[in-house]
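Everything numeric in this text was worked out from a predicted model, so none of it was measured. Position 1 is the first residue of the sequence, and the numbers go up from there. One-based numbering, in listed order, for ligands and for the atoms of each.
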Amino acid sequence: MKLIRDPKKLQQILQKERARGKSVGFIPTMGALHEGHLSLVRASSRENDVTVVSIFVNPTQFGLNEDFSKYPRVLRTDIKMLRTLKADYLFCPSVSAMYPEGYATFVDVSPRLANVLCGKFRPGHFRGVATVVVKLLNITGPCRLYLGAKDFQQVTVISQLVRDLNMKTQVRVMPTVREKDGLAMSSRNRFLSPGERDRALTISRVLFACKKNLLREKMGFVASRRRALSELKRSVERVQYFEIVDPRTLAPVKKYQEKMAVLTACFVGKTRLIDNVIIRNSDK
Ligand code: AMP
């Protein structure tokens, strides 16, 4: 695996790979890798000739009071993990290489997608995500882009962006990888104390219970959501949102439809965690 820091250099290398007829798979990450990230790398190596992983803690997607400076940075361990897999290139640009002085261009995402759910509590977050993803896609030019369903709103925003901007990349969404007890893997889980980790388990438990209730159609949407919220509030410090939405439009769903997403964001201690479950008609 080759470590590359210079965007231009990677762009040139990958141009050559594509000219030789190689397909490129790309996995953008912020590092502090875990099995969730690795599942994306494995999927890419199965489906492409060349796999590129990026590790870049993108400042433009963090708000002023958020954890940009505290976000875990463990590059050496990440490299070791990636070396055990079939990743061909690791791209770790500096902030100044991505946003040099005078940088002036940002991707504006419709408020309908960017100012709801996580976006309501993280103003500017999806503008930063969309901007860095467009930059990374222009640098890497992949056939396939791998995203985890864990960051569901991100998947919706990026899928829409790829469609809207006529990008040629195929978006491949991989299932959320969980710990044995159900906790969704996250780089931020390392911040949880043992007691907080126990309480964080409520998040996946409540999501799966809500899914079960909705599938059985024994409990209506309002009652399912109310029960989930009250259970969550007993275990976590703060529930930012708990919503049942249409996966493509992110608009709240009030009655049963073919595909739905149940999403939540909660603070356990000082750590903000997100999780979701998807409900399909075929789950019935
Ligand atoms: P991050 O490093 O948090 O920006 O995540 C990089 C990519 O890994 C995103 O597409 C995430 O959705 C994905 N990812 C993070 N956690 C998981 C997980 N538990 N299961 C599957 N994919 C994940």
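A cation-pi arrangement is not found for R112 relative to F126, the charged atom failing to lie both closer than 6.0 Å to the ring centre and inside a 45° cone about the ring normal.
Residues forming a ring-ring contact (aromatic ring centres under 6.0 Å, His included) with F106 (at least two apart in sequence, or on another chain): Y103. The ring-ring contact (aromatic ring centres under 6.0 Å, His included) check on H37 picks up H34, with sequence neighbours excluded. The side-chain hydrogen bond (donor to acceptor under 3.5 Å, both in side chains) search around D67 returns R188, not counting sequence neighbours.
Counting only distance, with no hydrogens or angles, the side chain of N58 and the backbone of G128 share a donor-acceptor pair below 3.5 Å.
The protein residues lying under 4.0 angstrom from ligand 1, judged by non-hydrogen atoms, are P28, T29, M30, H34, G36, H37, L40, Y71, L147, G148, K150, D151, Q154, P175, T176, V177, M185.
The aromatic rings of Y256 and F221 stand perpendicular to each other, their planes meeting at an angle above 60°, with 30° marking the opposite boundary.
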